[in-house]
Every structure is written in C-alpha cells, then in structure tokens.
2 protein chains.
Amino acid sequence: MTSAGNKTGSSVDRVYDRLKRMAADFELKPDERINESALSSLLGASRTPLREALNRLVAEGFLTFKNGRGFFCRSLSPGRILDLYEARQAIECEALQRSVSRASDAEIQAVMAFLDETEPSYNTIDVAMSLLEMDEAFHMKLVALSKNAELVRLLSNINGRIRYVRLVDLKMLRGKTLPSRNKGAKLSAHRVILNALAARDEVAAVTAMREHIERRREEATEAVRIAYSQLYVPAD
Amino acid sequence: MTSAGNKTGSSVDRVYDRLKRMAADFELKPDERINESALSSLLGASRTPLREALNRLVAEGFLTFKNGRGFFCRSLSPGRILDLYEARQAIECEALQRSVSRASDAEIQAVMAFLDETEPSYNTIDVAMSLLEMDEAFHMKLVALSKNAELVRLLSNINGRIRYVRLVDLKMLRGKTLPSRNKGAKLSAHRVILNALAARDEVAAVTAMREHIERRREEATEAVRIAYSQLYVPAD
DNA sequence: GCATATATTGCTGTATACAATTCTGAATAT
DNA sequence: ATATTCAGAATTGTATACAGCAATATATGC
C-alpha cells in the first residue's frame, strides 16, 4: 500500500511486501502468534527490519499486536468482512460521485479501453488470481478518476485485506455464472457503472456501484466460510 | 489510532502516542527530516522502538518515508486537506446510512444526552482544544452507531490527521459565529443530523451530514493557510 | 488425583554496535 | 563566478546481545 517498486531492495520493504502477501493469502494462519525469530530467518533478515514491517502492517489493519505477547495475523470473521465491504462501498461511491464532475472524457475512455481489453479474457483466463488482479485494477482506475489520493489509498488498503476472500468469491462466481456471461447479451456490472459515469449520470452510477458491491458482499460471508475450510483442508 | 490507554507503558506505545500528537500539532514541521538520534534522546527511548513507532505512523499517513533518507513529517497542502475531508464525508455518510437501521432508540438517545451535556459549554469553554475534543467525540459516537469497526477506525485515523487544521478552523468559527449561536434560536448542525437519525429519515440525515462537513471543508482551505502562517510565525 | 506454587524455557522488548549510505562543505578546475 | 570532486561527518539500515516477561512444564502439598 505504501511502497510499490523498490529496486534498492531495502530489507524492510522487501519483508513488508512479502508479509503483506502472506497475510492476504492466509499463509499466516488467523489468530496464530507470529514467531519473530523463525520468520526473520525464513525471510532472510534480522528481527529489527522484520518488526518494523510488522508494525506497519498492524497500523494498516493486517495484523494485530498484543503488548508483551507479540504479533498475530488478524482473523477474518464474517462480521469483519461485512465491515470492510461497507467501507469499500463508502469509498468507491464517494469517489464515483466526485469523478462525475472531475474525470475528463478522455480519462473515462481510457478506463473503457482497459475494460475492452481485459473483459474478453474473463472467460478464457483460467487462473483466478489474474482475474482478481484485473478486477482490482479496474476498481483502482475508477477510484483514481476522483483525483483523490486518500480514497485511492484507502481502497488499496481494503483491497489488500479482503484479497483472499475475493479470490474465493471470484472462483465461486466463475463456477456458477459462467454460462450467462456471453458477451453482448448483457452488460457487465463494470460496464454499466462506467457507462453511467460517461453519461455523467451520478445517481445511476452510484446506484449501480452500490448494487455491484452489495451483491459481492452478500456472497462474501459464504466465501469466508469456504476460505476457512480451504485453510484447514489444503486442496489436493 | 491503534492504542488507547497503555498502563504497561511499553516504550513503543509511549513514543507512538507522543509522536502522533507532535505530528498532529505540527510540532514536527512539514517536510522536515526527522533526526532519529535526536528524537530518541528527546523522547527517552532508543532508536529501535522509535523507528517502530515511526513506521506505524507512516502506514497511517502521518509521516512519509524515503529509503535511505529517513522519515519526514507529511505536509498538509490544501489539496490533501480536501482529500481528507472528502474521505470523511464518505465514511460518516456511509456510517449514518447504516445507523438508520442498526442503532437502537436507546443508543441514539445516549448520543442525544451527550449533546445535551456538552453543547451548552460550547459558548463557555474557552480552550479551543476541549471544543475540538467534544466535536470529535460526537462524530466518533455517531459513527460508532453504525456498528462498523472499520468505519470507526478510518474516521479515527482521519480525525488525527486533520486535527490541527480543525483546531484552527474551530478557532476561526468561534470568532465569527459566536453571536448567532444563541441556544434555542437555531438547532446546531449536530442536532439536526441526530434528529433526522432518530426519526429514521435516512435522506435528511445524510443530506444534513454532507452539508455539515461540506461547510467545514470550505473553511478548511482557509484554515490551512492560517495554520501555516501560525507555524512559521509563532503567536506572541 | 487435583490444585497451587515454582522452575524452566522460549520469546519479546530494548539498547547498542557497526556497516552502509547520504549529506556537507571546502578545495580545485573550468 | 560556477560547477565538480572528494574527503569527513553525520545519519540511516541492520545485526546482535541481553534483560525481562509470559507460557508451559514440573514439582509439591493436600
């Protein structure tokens, strides 16, 4: 969320990126205490930079910390997921409202082009991860149209924290709704939102966005359950 | 934002709280590099816990960090303030919408009672700081009614980051609008919002909230300028 | 056999040391 | 006068050491 590409390879940043991934992918099991010595030797850095990275992740909501006990990976209860999806709604809808008056036609067209380019591969791509990345990229581009760096920052953070659940969510979605996804037949939710924005129709855009996220949120609780079951019964 | 009362007095928490205050109050001048050794001796802790606290504050958006160069206090440009106020709108409005269906009458009444208790002293209290604390407390209580821990967390973070500007803002407000603040004459913005919530009128509540924050936001840019002038020309 | 007290072990919390990097400023060349 | 280079100083980045706390295992009394 804070750092993107670190060519210098500062130890803290390296560890931070890696840890965030581990936390997002539930490689660190929820509510399990993190052993600093073990982790530091695993990641090839000493405890000092490791702890600095851990502190960042606590501040960002990925981990928790109990004084004298150490760091823990944060558990994702259905309640928390719901909270995060609501926060996401708040942020994305606000951004969309601002974009109506702030985004230029050209900028909107650029996102449209991104959609044109990526959406066809929704059906061909098999790796759910790539699918998730495209989905996230779309939402990030959309929020960026608001020209509000803080909203971008917040969405980026939330995305990171619900990544694993969304991954499971998307997998489920694929299994269930693939047939109805014939191109041309019905516009994708993303397309509907973007079209409304291009038409400068604030109400329609926000309504579509709310519904889009709402639908995902409804599936999310189910996704959490599945995520947990996958956690403790590794797929064969 | 993360830690509230630390009786154990872990060094990093102590330093963290203190630093956050310093950053919020612009005791650390914007864009100025933070000297770790100097700070550590000033705060009476070694560099290790200091840097852990600094890293937390970077993740929370209070500071920035450049690899190999160190930590910097984040500058508050008018643009950034605007961003933060917009984020605040997003969060508080979303929370309010959820509260309409989630907050019990009793809970709303409790906030009402808080308002009854604190509002009269708006005119008597002279210390702007206390005023700000009451204002923040009200908004936090309001958001808490949404039962969404993430929204609470986000508002708490934003409040911390715009505290100094709001302080200046409130001071200005006092100077200008004190006469029109006769109790009974007109309902306070807070009261209007809460009444709408009590009546379960979502549209009215959200509208009032948007306007309330919007008005503050408009003053904010002005407040930033004043804040900066106060920064570099200490009041005599 | 159970509960309480006590030792043991492992881990966290912090300080300190040292290596690596960046900054400063003066001396030199253009 | 301006730009450049190159030590020296200052500051950051990381490793390591050790003190102190927490959890667990062991022993003791009942």
Side-chain angles (χ1 to χ4, degrees), chain A residues 1-20 22-23 27-60 62-75, chain B residues 1-20 22-23 27-60 62-75:
Chain A
M1 167 179 187
T2 305
S3 59
N6 308 299
K7 33 194 94 183
T8 105
S10 144
S11 213
V12 177
D13 288 333
R14 214 169 25 80
V15 168
Y16 167 83
D17 287 336
R18 178 78 194 281
L19 276 181
K20 192 159 74 171
M22 290 174 73
E27 225 172 299
L28 305 170
K29 299 254 191 330
D31 284 329
E32 197 172 272
R33 189 169 78 174
I34 291 169
N35 186 320
E36 295 174 14
S37 313
L39 240 189
S40 72
S41 65
L42 174 68
L43 301 185
S46 80
R47 277 181 58 218
T48 308
L50 169 63
R51 282 181 59 109
E52 291 188 10
L54 288 169
N55 271 289
R56 281 201 219 171
L57 291 167
V58 168
E60 286 172 11
F62 287 88
L63 309 175
T64 60
F65 171 75
K66 284 177 196 164
N67 217 316
R69 310 254 343 269
F71 297 87
F72 298 80
C73 190
R74 187 162 214 166
S75 62
Chain B
M1 170 177 188
T2 306
S3 60
N6 308 299
K7 29 196 104 188
T8 106
S10 144
S11 210
V12 49
D13 286 333
R14 214 166 25 78
V15 168
Y16 167 83
D17 287 336
R18 179 79 195 282
L19 275 181
K20 193 160 73 171
M22 290 174 74
E27 222 172 303
L28 305 170
K29 299 256 189 324
D31 285 329
E32 199 172 86
R33 188 171 78 178
I34 292 169
N35 187 321
E36 296 174 13
S37 312
L39 240 191
S40 73
S41 65
L42 174 68
L43 301 185
S46 81
R47 278 180 57 217
T48 309
L50 170 64
R51 282 181 60 109
E52 290 188 10
L54 287 170
N55 270 291
R56 280 202 221 172
L57 291 167
V58 168
E60 286 172 9
F62 286 88
L63 309 175
T64 61
F65 171 75
K66 285 175 195 164
N67 218 312
R69 312 250 346 263
F71 296 87
F72 299 80
C73 189
R74 185 163 217 166
S75 62

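Reminder, nothing fancy here: chain letters follow the sequence lines and each chain counts from 1. Remember, it's a predicted structure, so these values are computed and weren't measured experimentally.
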- Lys/Arg N to Asp/Glu carboxylate O, B/Arg56 vs B/Asp13, below 4.0 Å: yes
- Take atom CG of B/Leu50 and atom C1' of C/dG13, then tell me their distance rounded to the nearest Å. 15 Å
- Message: Please report the distance, rounded to the nearest Å, between CZ in A/Phe72 and C1' in C/dT12.
- Response: 11 Å
- Task: Decide yes or no, distance alone: a donor-acceptor N/O pair under 3.5 angstrom between the base of D/dT16 and the side-chain of A/Thr48.
- Result: yes
- Return no unless some side-chain N or O of A/Asn35 is found under 4.0 Å from OP1 or OP2 of C/dG10. no
- B/Phe71 near the nucleic acid: base, sugar-phosphate alone, or nothing, with a heavy-atom cut-off under 4.0 Å? nothing
- Task: Could you say whether A/Arg47 or A/Arg33 is positioned toward the 5' end of DNA chain D, judged by the nucleotide with the nearest heavy atom to each?
- Result: A/Arg47
- Any chance you could measure B/Glu52, atom CD, to A/Glu52, atom CD, to the nearest 0.5 Å? 6.5 Å
- Query: When you check the phosphate oxygens OP1 and OP2 of D/dT11, does a side-chain N or O of B/Arg69 lie under 4.0 Å from one of them?
  - Reply: no
- Message: Between P on C/dT16 and CZ on B/Arg51, what's the gap in Å once rounded to a whole number?
- Response: 17 Å
- Find the distance A/Lys66:NZ to D/dA23:P and express it as a whole number of Å. 9 Å
- Would you indicate whether the side-chain heavy atoms of A/Leu50 and A/Leu19 approach each other to under 4.5 Å? yes
- Could you tell me the separation between the CZ atom of B/Arg14 and the P atom of C/dA15, rounded to a whole number of Å? 9 Å
- Measure the distance from CG on A/Leu43 to P on D/dT14 and round it to the nearest whole Å. 13 Å
- On DNA chain D, more 5' by nearest nucleotide between A/Gly68 and A/Pro49 is A/Pro49
- Task: Pick base, sugar-phosphate or nothing for B/Ile34, based on heavy-atom distances below 4.0 Å to the nucleic acid.
- Result: sugar-phosphate
- Query: Looking only at side-chain N and O atoms, does B/Ser46 come under 4.0 Å of OP1 or OP2 in C/dA15?
  - Reply: yes
- Query: Separation of A/Asp13 atom CG from D/dT12 atom P, in whole Å?
  - Reply: 16 Å
- Any A/Glu36 side-chain heavy atom under 4.5 Å of A/Phe71 side chain: yes
- Item | Separation of D/dT16 C1' from A/Glu36 CD (nearest whole Å) | 14 Å
- Tell me, do B/Phe72 and B/Ile34 make a side-chain contact under 4.5 Å, heavy atoms counted? no
